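Being a predicted model, the structure only gives us computed values, none of them experimental.
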Amino acid sequence: MPVRPRGAISLVSGPLLGLLLSLAGAAWADSPLPLAPGYGPLGFEPPVPGSYALPIVQQAADGDILLSSGEPARLHDLLGDKLVLLSFIYSNCSDVNGCPLATAVLQGVKQAMAKDPSLAANLRLVTLSFDPEHDTPEVMSLYGRALGRGTGEWLFATTASSAGLAPILSGYNQPIQVMLDADGAPTDAFNHLLKVYLVDHERRIRNIYSVAFLHRDVLLADVRTLLMASEPGAEGGASLTKSPESGQKAPARSPLFGPGDDRRAYSDAAYESRALSLEHRLGRPADLVALAQSGALGLPELPVPESSPLTPSRVALGRKLFFDRRLSLNDTVSCAMCHIPEQGFTNNELATSIGFEGRTVRRNAPSLYNVGFQHRLFHDGRETSLETQVWQPLVAQNEMANPSVGAVLEKIGRLPDYAGSFQSAFDTPGPTMETVGKALAAYQRTLISGGSPFDRWYYGGDEAAVNEQVKRGFELFRGAAGCSACHLVGDQHALFTDGTFHNTGIGWRNSMLPRSSTTEVQLAPGVFVSVDTALIDAVAEPPASDLGLYEISQNPADRWRYKTPGLRNVDLTAPYMHDGSLPTLEAVVAFYNRGGVSHPLLDPRVRPLNLPAPDTQALVAFLRALTGDSVPRLVADAFAAPIGDLGSDDPHWSHENHLEY
């Protein structure tokens with residue numbers, strides 16, 4: 001696009017460009033440019049207003065602004081009394097799929113406001129410039145005169161300086177970057193991601209629209225849904241009313257189907273599920289407590305702190321919290337999104353986890369089976385108790401992204417379905433940092449898994465429990481392969497870990513060796529393509545460094561040392577290693593068979609084994625025999641996590657007799 005140095009300011013080109021582009025949207029149908037959906041028909045029927053609900057994303061940020069009249073104000077002064085569609089633009093933008101798109105779509109919304117008095121009375125459009133050097137109040141006033149005429153309120157504003165604008169952009173996660181010309185000089189063009197925000201009466205962001213789904217009909221459906229939710233007697237946007245445009249009655253929104261055998265959404269209440277797992281999907285918290293306290297063949301007694309006892313009400317509360325996506329900043333990420341029950345309480349599909357808004361987490365999600373026996377938590381051992389561990393992912397910006405502990409507690413305290421639950425479980429009126437940690441820890445301590453085929457053979461004396469290949473694999477595990485030097489096996493029980501930290505060479509390789517010039521990218525199961533690594537680097541963040549235990553101890557000898565994982569249920573918890581770089585058990589055994597990655601800090605216990613294929617196959621067979629007999633029950637119970645009411649300490653409480661969520 002043509003650019004000019006910053007400072008060559010025109011008061012005409014920007015407003016005229018925005019006006020012409022917004023009013024000429026229909027004429028762009030024949031444009032050779034690939035235009036965003038917002039310029040044409042939606043292509044599908046939008047959902048009926050009121051038939052769905054919009055989650056709370058976050059509080060809308062505030063800041064000092066200048067109105068188009070030049071009068072100083074606060075951004076929050078424009079929010080709260082009405083619903084607001086807030087956009088950030090700059091007048092020199094010449095990308096038709098950028099700021100002109102926002103202007104065109106909002107112009108369509110304003111036309112709808114002119115036809116619908118309810119919209120005009122309850123909705124405000126606010127456009128704020130992120131180029132205060134050029135977009136002075138005078139420039140924004142020109143916008144207002146051209147676009148703000150007629151029925152419906154559309155306000156234009158700017159800021160006194162870029163410094164005053166910065167905290168506002170940060171609060172809305174709206175990064176911008178000045179583009180440079182061929183000589184490296186700044187221009188009037190900005191690189192930015194187009195976003196429009198829907199803000200409710202309590203100054204909370206309820207949706208964020210980007211280019212792909214910034215369309216008048218989508219915005220109007222969401223606005224009307226919020227307006228219906230605010231009507232007297234409305235609940236969650238589910239009022240029985242008519243859409244102003246379509247005249248179609250919006251049905252009462254039935255609750256999302258619940259786990260277990262919730263019949264409320266069935267057309268025939270007498271319908272009976274024939275699922276074989278239904279008998280295990282009753283959600284009795286007392287059963288989980290009993291399972292944990294009774295122990296399992298091959299496992300030691302579960303250590304439970306006196307200050308954090310297991311009770312059915314605490315386990316029920318912790319299970320609910322574990323599966324509740326509302327514990328993340330934008331109501332999309334729960335603990336169970338990375339620790340998926342049916343995938344070994346880890347994630348079989350990702351080498352390293354993905355958190356809030358798709359942000360990369362640099363390590364593989366560890367399995368939670370038997371986590372109650374661990375004394376050091378995370379791959380680098382940075383936490384020492386389950387009660388305190390839970391807060392790390394809750395406030396990590398690349399995981400659940402909450403701004404603070406207090407913000408999490410305040411949010412849980414506002415959720416009506418948690419009312420009374422902390423009083424019941426802890427005799428406290430509401431959530432605290434301590435009780436949230438204890439509840440989540442209580443549920444995780446119930447994820448006990450022993451009684452594997454190996455246990456029944458080695459600790460139970462059942463010779464028929466495993467075959468000869470498994471027995472040969474165990475012999476190698478404790479003998480020639482030397483695995484038990486780190487994955488300990490006791491006479492009475494085995495956790496298959498020494499709980500300490502070792503350097504296998506993978507962390508060193510990732511940090512010190514040049515990356516491959518190409519990267520294999522999976523397009524679908526079993527379908528891979530080779531992509532130039534430089535191309536990936538051009539559009540992605542560089543891989544984060546990872547020094548393992550050194551990041552905690554600051555001892556140079558601890559570089560690239562990671563905690564020894566337990567091996568129980570290891571067949572269920574691929575991919576492996578702290579970075580998820582080994583996809584199968586066969587790959588893990590092959591890695592150790594060739595001696596890891598040689599370098600000066602390699603653990604001396606990792607050495608070339610040179611085992612023949614029959615021996616490596618026997619080791620894999622042994623590892624597969626470590627899957628516990630409680631796995632099906634724990635996975636089925638996870639599906640019974642209640643959406644609302646948490647039950648009680650009554651050992652007979654279940655979803656069979658308590659189906660109100």
Strictly distance-based, threshold 3.5 Å: is any side-chain N or O of Ser308 a donor or acceptor partner for the main-chain N or O of Pro305?
no
Does atom CZ of Arg382 have more than 12 heavy-atom neighbours from other groups under 6.0 Å away?
yes
Heavy-atom side-chain proximity of Gln389 to Val371 below 4.5 angstrom:
no
His215 side chain to Val105 main-chain N or O, any donor-acceptor pair under 3.5 Å?
no
Under the 3.5 angstrom rule, does the side chain of Arg224 hit a backbone N or O of Gly50 as a donor-acceptor pair?
no
Pairwise side-chain contact, Asp417 with Lys320, heavy-atom cut-off 4.5 Å (strictly under):
yes
So OG of Ser87 and CG of Leu214: to nearest 0.5 Å the spacing works out to 9.0 Å
Do Ile448 and Ser630 have side-chain heavy atoms sitting under 4.5 Å apart?
no
CA sep, side-chain torsions, deciding dist, call: Asp64, Arg74, salt bridge (Lys or Arg N to Asp or Glu O under 4.0 Å):
CA-CA 5 Å; Asp64 292 318; Arg74 298 283 291 177; 2.9 Å; yes
Considering only heavy atoms from C-beta outward, does the side chain of Tyr418 approach that of Pro431 to under 4.5 Å?
no
Please check if the side chain of Ser367 supplies one atom and the backbone of Gly344 the other of a donor-acceptor pair under 3.5 Å.
yes
Can you list the steps and then say if Phe426 with Thr432 is a side-chain contact (heavy atoms from CB on, under 4.5 Å)?
CA-CA 10 Å; Phe426 296 99; Thr432 67; over 6 Å; no
Polar side-chain atom of Gln174 near backbone of Ser170 as donor-acceptor pair, under 3.5 Å:
no
What are the two closest non-hydrogen atoms of Leu310 and Ala292, and how far apart are they?
CD1-CB, 4.0 Å
Can you name the nearest heavy-atom pair linking Asn173 to Lys195, along with the distance?
O-NZ, 2.7 Å
Can you confirm whether the side chains of Asp498 and Thr564 place a donor and an acceptor under 3.5 Å from each other?
yes
Is Asp571 close to Leu626 at the side-chain level, that is, under 4.5 Å between some pair of heavy atoms?
no
Is there a side-chain contact between Ile412 and Phe422, using heavy atoms and a 4.5 Å cut-off?
yes
What is the distance from atom CG of Asp222 to atom CG of Asn207, rounded to the nearest 0.5 Å?
5.0 Å
Point-to-point distance, once rounded to the nearest 0.5 Å, from OH of Tyr172 to CD of Gln58
8.5 Å
Side chains of Thr519 and Thr533: any donor to acceptor distance under 3.5 Å?
yes
Grab the two heavy atoms, one from Leu79 and one from Ala60, that are nearest each other, plus how far apart they are.
CD1-CB, 4.0 Å
Roughly how far apart are Met400 CE and Thr332 OG1, rounded to 0.5 Å?
8.5 Å
Between Arg561 (side chain only) and Phe501 (backbone N and O only), is there a donor and an acceptor less than 3.5 Å apart?
yes
In short, Leu377 meets Thr384 closest at the heavy-atom pair CD1-C, 4.4 Å
Could you tell me whether Asp324 and Lys411 make a salt bridge, using a distance below 4.0 angstrom between a side-chain N and a carboxylate O?
no
Backbone N or O of Pro565 within a donor-acceptor pair of the His487 side chain at under 3.5 Å?
yes
Run the side-chain contact (heavy atoms from CB on, under 4.5 Å) check on Leu83 and His201 step by step: do they pass?
CA-CA 6 Å; Leu83 297 183; His201 292 92; 3.5 Å; yes
Carefully, step by step, assess Arg509 and Ser581 under the rule side-chain contact (heavy atoms from CB on, under 4.5 Å).
CA-CA 11 Å; Arg509 178 189 65 192; Ser581 58; 3.8 Å; yes
Mind listing the closest non-hydrogen atom pair of Glu399 and Val333 along with its distance?
O-CG1, 4.1 Å
Check: Arg359 main-chain N/O paired with Asn398 side-chain donor or acceptor under 3.5 Å:
no
Considering only heavy atoms from C-beta outward, does the side chain of Phe130 approach that of Pro175 to under 4.5 Å?
no
List the steps, then state whether side-chain contact (heavy atoms from CB on, under 4.5 Å) holds for Leu169 with Phe88.
CA-CA 9 Å; Leu169 295 180; Phe88 293 88; 3.8 Å; yes
Between Phe345 and Phe322, how do the two ring planes meet: parallel, tilted or perpendicular, split at 30° and 60°?
tilted
Give a yes or no on whether Gln392 atom CD has more than 12 heavy-atom contacts from other residues, nucleotides or ligands under 6.0 Å away.
yes
Compare all side-chain heavy atoms of Asn364 with those of Tyr576 and state whether any distance is below 4.5 angstrom.
no
Under the 3.5 angstrom rule, does the side chain of Arg314 hit a backbone N or O of Ala425 as a donor-acceptor pair?
yes
Could you measure the distance from the CG atom of Asn348 to the CD1 atom of Ile340? Nearest 0.5 Å is fine.
7.5 Å
Testing Thr388, Val405, Val390 for side chain to side chain contact (heavy atoms under 4.5 Å, CB included) with Met433, which one passes?
Val405
On a heavy-atom basis, which atom in Leu299 and which in Gly450 lie closest, and how many Å separate them?
CD1-N, 3.7 Å
Within the distance-only criterion (no hydrogens, no angle test), does the side chain of Glu551 pair as donor or acceptor with the backbone N or O of Leu547 below 3.5 angstrom?
yes
About how many Å separate OH of Tyr443 and CG of Leu368, when rounded to the nearest 0.5 Å?
9.0 Å
Any side-chain donor near an acceptor of the partner, Asn510 and Asp546, under 3.5 Å
no
